[in-house]
Amino acid sequence: MSQKIVLIDGHSILNRAFYGLPDLTNSEGLHTNAVYGFLTILFKILEEETPEYLTVAFDVHAPTFRHEMYAEYKGTRKPMAEELRQQVPVMKEVLKAMGIKTIECAGLEADDLIGTLSACCEKEGMEVSVISGDRDLLQLATDHVKIRIPKTRQGRTEVEDYYAADVKERYQVTPSEFIDLKALMGDSSDNIPGVPGIGEKTAAKIIVKYHSIENAHAHADELKPPRAANAMKEHWDLAVMSKELATINVNAEFPYELAEAKLENIYTEEAYAWFQKLQFKNLLSRFDVKAPSNKIEDSFHEIRNRKEAEAVFEKADGAACIGACIFKNKEEVLPLFADQAQIGGIGISFSKEDHYCIRTGPDLQISWLLEQLSRVAAGAERFAIFDLKSQLDNLKIQKKENCFDVTVAAYLLNPLKSNYDYEDVAREQLGLVIEEKSEEYVKVCYEAYTAFAASRILLDKLKETGMEELFTKIEMPLVFALYHMEKNGVRVNSDALKEYGDQLAVHIQALEKEIYEEAGETFNINSPKQLGVILFEKMQIPGGKKTKTGYSTAADVLEKLAPDHPIVSKILEYRQYAKLKSTYADGLAAYIGPDGRIHGKFNQTITATGRISSTEPNLQNIPVRTELGRMIRKVFVPEEGYVFVDADYSQIELRVLAHCSGDAHLIEAYREARDIHRITASQVFHVPFADVTDQQRRNAKAVNFGIVYGISSFGLSQDLSITRKEAAKYIDDYFQTYPGIKTFLDHAVQHAKDQGYAVTLFGRRRPVPELSSSNFMQRSFGERVAMNSPIQGTAADIIKIAMIGVDRRLKEEGLKSRLVLQVHDELLIEAEQTEVETVKEILRQEMEQAASLDVPLEIDMHTGDNWYEAK
DNA sequence: TTCCTCACG
DNA sequence: ACGTACGTGAGGAAA
């Protein structure tokens with residue numbers, strides 16, 4: 001059995017992968033789709049071929065055209081897309097990490113390298129497989145050299161295989177004649193000119209008959225269409241040049257040791273680290289349990305008895321930094337007891353050598369363990385732990401000031417990531433790769449150790465990036481405020497909620513029936529696909545396609561059709577009821593706890609801008625804009641003896657914008673008047689404040705929103721249903737009126753371009769990798785983000801400060817009243833009746849004084865016996 | 001899972 | 001020429 005070598009055309013396959021896959025990025029903003037696609041193809045090929053040798057060839061110059069001379073002559077050289085260019089060095093590193101031989105050679109194309117290698121290897125009696133997306137390489141095919149062209153079809157990669165015979169079958173020419181064929185017909189993608197006037201068909205006929213351009217030229221007068229005969233004579237020089245360009249050099253000279261191409265285990269530690277970094281989660285499973293021999297693991301200890309545990313805590317007492325974690329028992333417990341969520345023990349790490357996993361046991365009570373942990377934590381300069389909020393039920397924190405939430409710190413340093421697990425932090429900050437299959441105690445020790453070791457590094461990075469104060473003064477105190485809020489929960493009248501749901505069900509059924517009657521058949525109204533077919537095909541309602549998958553049935557589309565088609569308005573109504581029932585009536589009911597309250601989660605490490613997010617359930621999107629939806633707020637009620645006090649900032653984002661831009665005109669305006677949209681209308685449209693029409697105010701409001709979102713004439717025109725030109729005029733008028741805003745927004749974009757991130761008034765950063773994209777759409781998006789993030793982010797900073805202040809004062813002043821919800825610019829407090837005035841005073845002070853801007857921060861405040869009334 | 005739709009600021 | 005407003009989360013359908 002002869003040996004086999006696989007030769008891969010690196011750039012060609014990367015290119016294929018890049019254009020064949022959607023744009024993927026890892027959480028650091030690094031584009032990864034080409035690398036991912038390349039690896040997918042590589043694995044597939046290796047599985048099929050099981051070769052002894054493997055080599056990947058690259059061109060030396062990244063933006064590659066096979067024939068630079070001609071490319072320059074034609075002036076058609078296009079630079080490689082930035083997103084792809086970035087991935088080339090990464091690809092080479094990944095291959096290196098996998099121990100795969102790569103070659104490149106100045107002055108030689110990858111084609112020439114591959115051609116030469118395939119010829120040599122064949123001579124040595126080997127079987128050769130050449131992997132390329134480029135059909136040019138078909139000329140290399142023989143009985144022992146197979147050209148394999150991968151194609152991505154519907155997400156799956158299929159490979160077309162060509163031996164010499166297959167080339168002949170498919171193209172009716174031999175591999176070497178293939179060169180002549182190309183020389184005649186040319187190849188625009190490869191910048192081979194070919195002979196003008198001779199296309200694919202004619203070229204094929206000529207080569208099939210005459211086998212080479214030289215022979216064809218000799219018989220030029222006999223060539224079939226007279227046009228081809230003339231072309232051949234007239235452009236013979238082009239034909240010769242093209243043939244030269246199309247010919248791959250199989251006798252190139254370059255250094256190469258076959259032994260280096262020997263395929264060893266590609267699933268190395270280094271490769272594993274790369275795959276993790278690139279977040280190729282499903283490719284990671286290919287790796288065997290190859291434990292990295294990290295020395296640190298030697299000092300990981302598992303402790304199961306009281307004596308040793310006591311010794312650990314004694315030693316930990318007084319340590320400068322303590323890293324810890326609390327872990328749960330594996331779910332061997334019957335579901336019946338699942339909600340007990342038993343704690344299995346803790347991890348603790350406090351020096352280079354001290355890392356312990358302490359398990360609960362007969363003489364190691366969990367309560368004692370947690371007590372000890374809390375005690376030593378209070379004594380340390382820094383107590384580091386992941387996701388502190390989730391552990392506050394277990395820990396008795398005596399000193400908030402020394403707490404360091406590693407998750408939150410990692411979030412501040414890169415808010416774009418989707419999770420901040422200890423595995424990620426260990427890899428990113430400590431360069432440690434933790435083995436998936438490690439024993440539990442090892443993982444526990446790793447988590448504690450990572451908290452311990454990474455906290456120092458993260459703290460330094462926070463200092464370097466000017467975010468230390470943001471972290472210690474805002475984010476860390478906020479952890480506790482959010483914990484209190486979750487713990488408090490919000491009371492919901494479940495009977496009233498049920499009643500609300502039942503009423504909705506009645507309406508839904510009636511509407512369903514009417515819709516089926518008008519449609520003439522029953523179908524699933526919730527299915528956009530089925531609905532599209534009914535409306536736009538069966539009922540022939542005009543309003544064509546919009547989405548990739550079919551017709552758009554979004555509300556803004558349907559609203560335009562509603563006046564002419566009763567069924568459409570019924571569908572809109574149905575949708576509204578269905579949404580209210582499924583998401584709110586039924587959805588919320590599932591979260592009401594035994595205490596009659598919903599304890600939703602408020603997440604601190606989700607959003608890119610610094611806002612808080614709310615899940616399980618989302619309490620930040622309870623309906624309010626329509627009366628019907630707003631009614632659901634009546635089921636949110638305070639407990640007996642309490643009332644709701646609701647306070648929300650008035651136009652906080654626009655006020656932030658006025659302050660940050662320093663536009664004197666706008667600042668002056670906002671100092672005077674409360675109705676910001678009206679004053680904008682007055683100044684932009686040059687009419688007295690009192691004479692502003694409703695339409696003018698609406699337009700001004702839309703412009704204000706547009707400014708905050710990162711204005712574009714297209715977006716504004718959509719919103720106002722006007723032409724782009726008119727929208728552009730509004731924007732222009734706005735900038736004329738407030739030139740400071742224009743300057744500020746331009747600066748925001750420029751700053752983000754220069755620094756790579758947008759920044760808030762309090763130093764919070766948001767990376768904007770899209771700004772360096774070669775894609776217009778992406779880049780425009782980046783610009784809008786650069787304009788919006790500082791505004792939205794600063795507003796988020798401010799309300800966080802307010803929340804912390806409100807929560808702190810409610811506690812400090814010994815009040816029973818409590819914070820129950822935050823909705824971005826709004827705080828809801830369940831206030832004990834006799835404390836209402838105090839609470840209102842606290843809210844007003846803490847919210848209005850949260851930041852001192854050049855414009856006043858104003859709030860609207862209401863009280864009520866339910867959320868509907870209090871808003 | 002991914003897409004579409006829609007609820008909020 | 002490109003095809004959008006910024007930031008979220010959830011439910012239902014279809015793949």
Can you tell me if the side-chain N/O atoms of A/Ser613 get under 4.0 Å from OP1 or OP2 in C/dG9? yes

Out of C/dG3, C/dG7, C/dA15, whichever nucleotide has its closest atom nearest the side chain of A/Met777: C/dG3

Output yes when at least one side-chain N/O atom of A/Gln530 is less than 4.0 Å from OP1 or OP2 of C/dA14, else no. yes

Check every strand shown and say whether A/Glu826 touches a base, only sugar-phosphate, or nothing at a heavy-atom separation below 4.0 Å. nothing

Pairwise P distance, B/dC3 and C/dT4 [rounded to whole Å]: 14 Å

Taking only side-chain N and O atoms of A/Arg766, does any of them lie within less than 4.0 angstrom of OP1 or OP2 on C/dG7? yes

How far does the C1' atom of B/dT2 sit from the matching atom of C/dA5, given to the nearest Å? 23 Å

Picking from C/dT4, C/dG7, C/dA13, which would you name as closest to the side chain of A/Asn526? C/dA13

Please tell me which of the listed nucleotides, C/dG9, C/dG3, C/dT8, lies nearest to the side chain of A/Thr607? C/dT8

Hey, what do you get for OH (A/Tyr411) to CD1 (A/Ile606), rounding to the nearest 0.5 Å? 8.5 Å

Could you check which of C/dG7, B/dG9, C/dA5 has an atom nearest any side-chain atom of A/Asp719? C/dA5

Indicate whether OP1 or OP2 belonging to B/dG9 is found under 4.0 Å from a side-chain N or O atom of A/Arg625. yes

How far does the P atom of C/dC2 sit from the matching atom of B/dA7, given to the nearest Å? 32 Å

What's the CD1-C1' distance between A/Ile622 and C/dA10, to the nearest Å? 11 Å

To the nearest angstrom, how far is A/Glu616 atom CD from C/dG11 atom P? 10 Å

Taking only the side-chain nitrogens and oxygens of A/Ser552, find out if one of them lies under 4.0 Å from OP1 or OP2 of B/dC4. no

Taking only side-chain N and O atoms of A/Ser582, does any of them lie within less than 4.0 angstrom of OP1 or OP2 on C/dA10? no

Nearest-neighbour nucleotide for the A/Pro528 side chain, B/dC4, C/dG7, C/dG11 considered: B/dC4

Ignoring the backbone of A/Ser527, work out which of C/dA14, C/dG9, C/dA5 is nearest its side chain. C/dA14

From the list B/dA7, C/dA5, B/dG9, which nucleotide is the closest neighbour of the side chain of A/Leu716? C/dA5

Any A/Asn788 side-chain nitrogen or oxygen under 4.0 Å from OP1 or OP2 of C/dA5: no

Can you check the A/Ile798 CD1 to B/dG9 C1' distance for me, whole Å? 15 Å

Does the aromatic ring of A/Phe714 sit over the six-membered base ring of C/dT4, closer than 5.5 Å centre to centre and tilted less than 30°? yes

Of the options B/dC4, C/dA10, C/dG7, whose atoms approach the side-chain atoms of A/Lys579 most closely? C/dA10

Taking the side chain as everything from C-beta on, heavy atoms only, tell me whether A/Gln696 gets closer than 4.5 Å to A/Arg678. no

Among B/dC6, C/dG9, C/dA14, the one nearest A/Arg575 by side-chain distance: B/dC6

Atom-to-atom span, OH of A/Tyr577 to P of C/dG12 - whole angstrom: 19 Å

Ranking B/dG9, B/dC8, B/dC6 by distance to the side chain of A/Ala555, first place goes to B/dC6

A/Lys529 side chain N/O closer than 4.0 Å to the phosphate oxygens (OP1, OP2) of B/dC3? no

C/dA5 phosphate, OP1 or OP2, under 4.0 Å from A/Arg784 side-chain N/O: no

